[in-house]
Amino acid sequence: MLTQLYFIADPMCSWCWGFRSSWQTFLAELPPSVIVKDLMGGLAPDSDEPMDATTQAYVQSAWRSVGERTGAKFNHEFWDVCQPRRSTYPACRAVISAGLQSMSARKQYYEAVQQAYYLEARDPSDTATLIALAGEIGLDKAQLQKDLDSSTVQEAFDAELAQVRSFGVTGFPTVIWHQKDATAGDRMGLLSAGYVDVNTLRESWLTCSTGIR
């Protein structure tokens with residue numbers, strides 16, 4: 001019997017940033033037999049258009065809501081020093097590209113994008129930022145730049161988006177459990193949708209893991 005968790009997120013989703021502490025604490029408590037796989041959900045498609053004033057106000061309001069509910073820190077200077085676009089697909093592709101360099105780099109790079117965006121007032125919708133971050137965490141910048149625009153990464157991203165849609169996921173972060181059993185067959189369920197605290201995660205996992213044994 002195999003139990004797997006799918007963590008569906010976007011590095012430029014503020015609720016995913018707010019969920020970071022709960023998720024990391026929960027991960028540390030999971031038994032090693034549980035396989036965890038992240039999927040890039042793709043919050044906002046490619047766009048070269050600057051974010052309009054209405055959208056900027058909406059996102060800034062979301063940042064404040066996330067901070068108030070979760071305690072996550074935000075550097076609001078971002079809105080003064082950057083000219084953001086409502087586009088998270090490049091960051092998602094960059095996370096996938098990082099994962100091609102090493103198994104651990106995908107998670108490390110995802111976290112680097114979050115830190116750059118929310119704490120350092122840097123814009124991950126800019127290719128230059130994405131490439132710089134690769135170098136800062138010890139990855140091959142030239143390789144990441146090459147992979148970022150490759151058909152291999154685009155196909156991988158398309159596959160992740162298709163899998164996310166097949167799960168019926170419409171918001172992030174979402175965590176889904178999946179059990180594969182040679183006798184009972186495959187079973188799936190929702191562990192959490194949207195932000196929840198670590199205690200809620202623990203309770204949901206206890207319910208799910210009891211039901212799928």
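Source: prediction; values computed, not measured.
Hydrophobic clustering of Ile, Leu, Val, Met, Phe, Trp and Tyr side chains at less than 4.5 Å, counting indirect connections, unites Met40 with Tyr89. Cluster annotation: Leu5 is not connected to Met188 through the hydrophobic network of ILVMFWY side chains, with a link wherever side-chain heavy atoms come within less than 4.5 Å. Under the 4.5 Å side-chain heavy-atom criterion for grouping Ile, Leu, Val, Met, Phe, Trp and Tyr, Leu30 is connected to Phe19 within one hydrophobic cluster. Under the 4.5 Å side-chain contact rule for hydrophobic residues, Leu27 and Leu39 do not share a cluster. Note on Ile96: it clusters hydrophobically with Val36, by side-chain heavy-atom contacts below 4.5 Å among ILVMFWY residues.
Between the CH2 atom in Trp23 and the CG atom in Leu201 there is a gap of 7.0 Å [rounded to 0.5 Å]. Atoms CG and CD1, on Asp38 and Ile8 in that order, are 10.0 Å from each other to the nearest 0.5 Å. The distance from the CG atom of Leu100 to the CG atom of Leu144 is 8.5 Å, given to the nearest 0.5 Å. Taking CG of Asn199 as the start and OG of Ser22 as the end, the distance is 8.5 Å to the nearest 0.5 Å. If you take SG on Cys16 and CD on Gln114, they are separated by 7.0 Å, rounding to the nearest 0.5 Å. How far CG of Asp10 is from OG1 of Thr88: 3.5 Å, rounded to the nearest 0.5 Å.
For Lys107 and Glu111, the salt-bridge test passes: some basic side-chain N is under 4.0 Å from an acidic carboxylate O. The pair Arg122-Glu136 meets the salt-bridge criterion, with a side-chain N (NZ, NE, NH1 or NH2) lying under 4.0 Å from an Asp/Glu carboxylate O.
No side-chain heavy atom of Phe26 sits under 4.5 Å from any side-chain heavy atom of Asp197. Between Thr70 and Ser21 the shortest side-chain heavy-atom distance does not fall below 4.5 Å. Counting heavy atoms from C-beta on, the side chains of Gln60 and Phe78 never come closer than 4.5 Å. You'll find the side chain of Val169 reaches within 4.5 Å of the side chain of Ile176, heavy atoms only.
Side chain of Ser65 to backbone of Ser61: a donor-acceptor contact under 3.5 angstrom is found. Judged by distance alone, the side chain of Thr174 and the main-chain N or O of Thr170 form no donor-acceptor pair under 3.5 Å. A donor-acceptor distance shorter than 3.5 angstrom exists from the side chain of Gln56 to the backbone of Met51, with no hydrogens or angles considered. A donor-acceptor pair is defined here as one N or O able to donate and one able to accept, closer than 3.5 Å; no such pair exists between the side chain of Thr3 and the backbone of Gln179. Judged by distance alone, the side chain of Ser102 and the main-chain N or O of Gly99 form no donor-acceptor pair under 3.5 Å. Checked by atom type and distance alone, the side chain of Tyr117 never pairs as donor or acceptor with a backbone atom of Ser125 at under 3.5 Å.
Atom CD of Gln83 sits in a sparse spot, with 12 or fewer heavy atoms from other residues, nucleotides or ligands closer than 6.0 Å. By the neighbour-count criterion of 12 heavy atoms within 6.0 Å, atom CG of Asp48 is sparsely surrounded, having that number or fewer from other residues, nucleotides or ligands.
The minimum heavy-atom distance between Leu43 and Met12, with the atom names listed, is CD2-O, 3.9 Å. Smallest separation of non-hydrogen atoms from Leu190 and Trp177: N-NE1, 4.0 Å. The shortest non-hydrogen separation linking Ala91 to Pro124 is CB-O, 4.1 Å. The heavy-atom pair separating Ala105 from Ala98 by the smallest distance is CB-O, 3.3 Å. Summarising the geometry of Pro11 relative to Val113, their closest heavy-atom pair is CB-CG1, 3.7 Å, with the distance given to 0.1 Å. Heavy-atom minimum distance, Cys208 versus Leu191: SG-CD1, 3.9 Å.
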- prompt: So Trp17 and Tyr195, ring pair (Phe, Tyr, Trp, His ring centres under 6.0 Å) or not? Walk me through it.
  reply: CA-CA 9 Å; Trp17 172 242; Tyr195 170 79; over 10 Å; no

message: Is there a side-chain contact (heavy atoms from CB on, under 4.5 Å) between Val196 and Val175? Walk through the geometry before answering.
response: CA-CA 11 Å; Val196 294; Val175 184; over 6 Å; no

task: Kindly determine whether Tyr118 and Asn75 satisfy side-chain contact (heavy atoms from CB on, under 4.5 Å), including the steps that lead there.
output: CA-CA 6 Å; Tyr118 296 115; Asn75 184 351; over 6 Å; no

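Side-chain polar atoms of Gln143 and Gln101 form no donor-acceptor pair below 3.5 angstrom. Asp147 and Ser150 share no side-chain donor-acceptor pair at under 3.5 Å.
Just one residue in the list Thr55, Asp46, Asp126 forms a side-chain hydrogen bond (donor to acceptor under 3.5 Å, both in side chains) with Arg85, and that residue is Asp126. The only member of Arg106, Lys37, Arg165 that meets salt bridge (Lys or Arg N to Asp or Glu O under 4.0 Å) when paired with Glu160 is Arg106.
Under the 6.0 Å cut-off for aromatic ring centres, Trp15 and Phe172 do not qualify, their centroids lying 6.0 Å or more apart.
The aromatic rings of Tyr6 and His178 sit parallel to each other, their planes meeting at less than 30°, with 60° as the upper class boundary. Aromatic ring orientation, Phe74 versus His76: tilted (interplanar angle from 30° to 60°).
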